[in-house]
Colleague: 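If you scroll down you'll find the structure; I have some questions about it.
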Protein chains: 2
Amino acid sequence: MKHADIKYTNQRVEILDFLGDFQGHPTVEDVYEGVRQKLTRISKATVYNNLKFLAEKGLIKEVNVKGVSRFESNLMPHHHTICIKCGEIKDYESEQLSDLTMEVAENIDDFTIRSADVNFLGVCKKCMEE
Amino acid sequence: MKHADIKYTNQRVEILDFLGDFQGHPTVEDVYEGVRQKLTRISKATVYNNLKFLAEKGLIKEVNVKGVSRFESNLMPHHHTICIKCGEIKDYESEQLSDLTMEVAENIDDFTIRSADVNFLGVCKKCMEE
DNA sequence: TATTAAATAATAATTGTTATTATTTAAACC
DNA sequence: GGTTTAAATAATAACAATTATTATTTAATA
């Protein structure tokens, strides 16, 4: 799924690779620390710029949780459960909900849809037991 | 809709009044500036604390957009359209989507649901014309 | 090879939010 | 009513995430 109009610099390739391998929804800091293992001289600003850039190009997705940006490479339609205690984020799939969400999205007047996000906020099992 | 276990201080009453009158989804700064018209000596920390407090008590709702907290007093089930250019937020209602969202929410395993948020991201009419 | 634009690194500045502490307010008890 | 106690507030410091700035590097184009 390469895009012709995107310059695949070393930094961008490493960021994409990192996100592809990562299980979960890393923050900018996570990505920075991870990518730094290979590109020791990469700047955090570059990580910010490229995560934003790649999200705008649609190669990755941004998830904003409690004011901090997180990213994922899972582009398939899905939702998120977010624990309001520990912050854990998990993917959750409901094809029916994805379908209805997109159908509704496409019929909103005077609005050019880019994406539709469904977030379930609550308390995860582990936090409930405490 | 008064709650017995909530102390209705002047600050909290003014914040609730402000949110009730406000058309839209004000930030903490908006609320602070607004409430300051009547309670000139109110502290911004108090605004933060009470917005958080009132949201936890379920008297208002928090909407996090692009990393900044916004609040609203509309407690009816509804969604939001968010313009990625100008940041405009508008309420959007789809009973069918609200219903399905809640139904899905209640059936997520190992997760105690608190709320389910649906955000439509895209470009508003005004921004499209530019 | 020279020119130009894009990308990057390093870091300063900004913004939204949280933490701290002293003071004030108000409820609960005698 | 006065005293004790806890909660709420004001003022401000501290913090963390993000954005802006600027010089340098890289790479595409002529």
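Residue numbering restarts at 1 for every chain, and letters A, B, ... go by the order of the sequence lines.
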Colleague: Can you find a heavy atom in the side chain of B:V65 that is under 4.5 Å from one in the side chain of B:N119?
Modeller: no
Colleague: Could you list the residues that satisfy side-chain hydrogen bond (donor to acceptor under 3.5 Å, both in side chains) with A:T81, not counting sequence neighbours?
Modeller: none
Colleague: If you link I, L, V, M, F, W and Y whenever their side-chain heavy atoms are under 4.5 Å apart, who else ends up in the same group as B:V104?
Modeller: A:Y92, A:L97, A:L100, A:V104, A:I108, A:F111, A:I113, A:V118, A:F120, B:Y92, B:L97, B:L100, B:I108, B:F111, B:I113, B:V118, B:F120
Colleague: Should we say atom CE of A:M128 is surrounded by more than 12 heavy atoms from elsewhere, each under 6.0 Å from it?
Modeller: no
Colleague: Which part of the nucleic acid, if any, lies within reach of B:T27 when heavy atoms closer than 4.0 Å are counted: base, sugar-phosphate only, or nothing?
Modeller: nothing
Colleague: Taking only nitrogen or oxygen atoms into account, show me every contact under 3.5 Å that the protein makes with nucleotides 13-15 of chain D, one pair per line with its distance.
Modeller:
none

Colleague: List in chain and number order the residues that pass salt bridge (Lys or Arg N to Asp or Glu O under 4.0 Å) with A:K44, two or more places apart in sequence or in another chain; answer none if no residue qualifies.
Modeller: A:E29
Colleague: Can you name the salt bridge (Lys or Arg N to Asp or Glu O under 4.0 Å) partners of A:R36, sequence neighbours left out?
Modeller: A:E33
Colleague: Atom CG of A:D30 and atom P of D:dT18: how far apart are they, to the nearest Å?
Modeller: 11 Å
Colleague: Not counting sequence neighbours, which residues clear ring-ring contact (aromatic ring centres under 6.0 Å, His included) with B:F53? List them please.
Modeller: none
Colleague: Following the transitive rule for hydrophobic clusters with a side-chain heavy-atom cut-off under 4.5 Å over Ile, Leu, Val, Met, Phe, Trp and Tyr, establish whether B:V31 and B:V68 coincide in one cluster.
Modeller: no
Colleague: Applying side-chain hydrogen bond (donor to acceptor under 3.5 Å, both in side chains), which residue pairs with at least one partner in residues 14-27 of chain A are found, sequence neighbours left out?
Modeller: A:H25-A:E72, A:H25-A:H80, A:H25-A:D91, A:T27-A:D30
Colleague: To 10°, what angle do the rotation axes through the five end pairs on each side of the helix from C:dT1-D:dA30 to C:dC30-D:dG1 form?
Modeller: 30°
Colleague: With heavy atoms of chain A within less than 4.0 Å as the criterion, where does contact along DNA chain C begin and end?
Modeller: C:dA6 to C:dT11
Colleague: Contact class for B:E29 vs. all strands (heavy atom < 4.0 Å): base, sugar-phosphate, or nothing?
Modeller: nothing
Colleague: Just to verify, what does B:K61 make a salt bridge (Lys or Arg N to Asp or Glu O under 4.0 Å) with, not counting sequence neighbours?
Modeller: B:D117
Colleague: Side-chain heavy atoms nearer than 4.5 Å, only ILVMFWY residues, links allowed to pass through others: does that put B:M102 and B:L75 together?
Modeller: no
Colleague: Which residue pairs pass the side-chain hydrogen bond (donor to acceptor under 3.5 Å, both in side chains) test with at least one member in residues 46-55 of chain A, sequence neighbours excluded?
Modeller: A:R12-A:N50
Colleague: Using heavy atoms and a sub-4.0 Å distance, could you list which residues of residues 34-50 of chain A are near DNA chain D? By number, please.
Modeller: A:A45, A:Y48
Colleague: Under 4.5 Å between side-chain heavy atoms, counting indirect links through other Ile/Leu/Val/Met/Phe/Trp/Tyr residues: same cluster for B:L59 and B:V63 or not?
Modeller: no
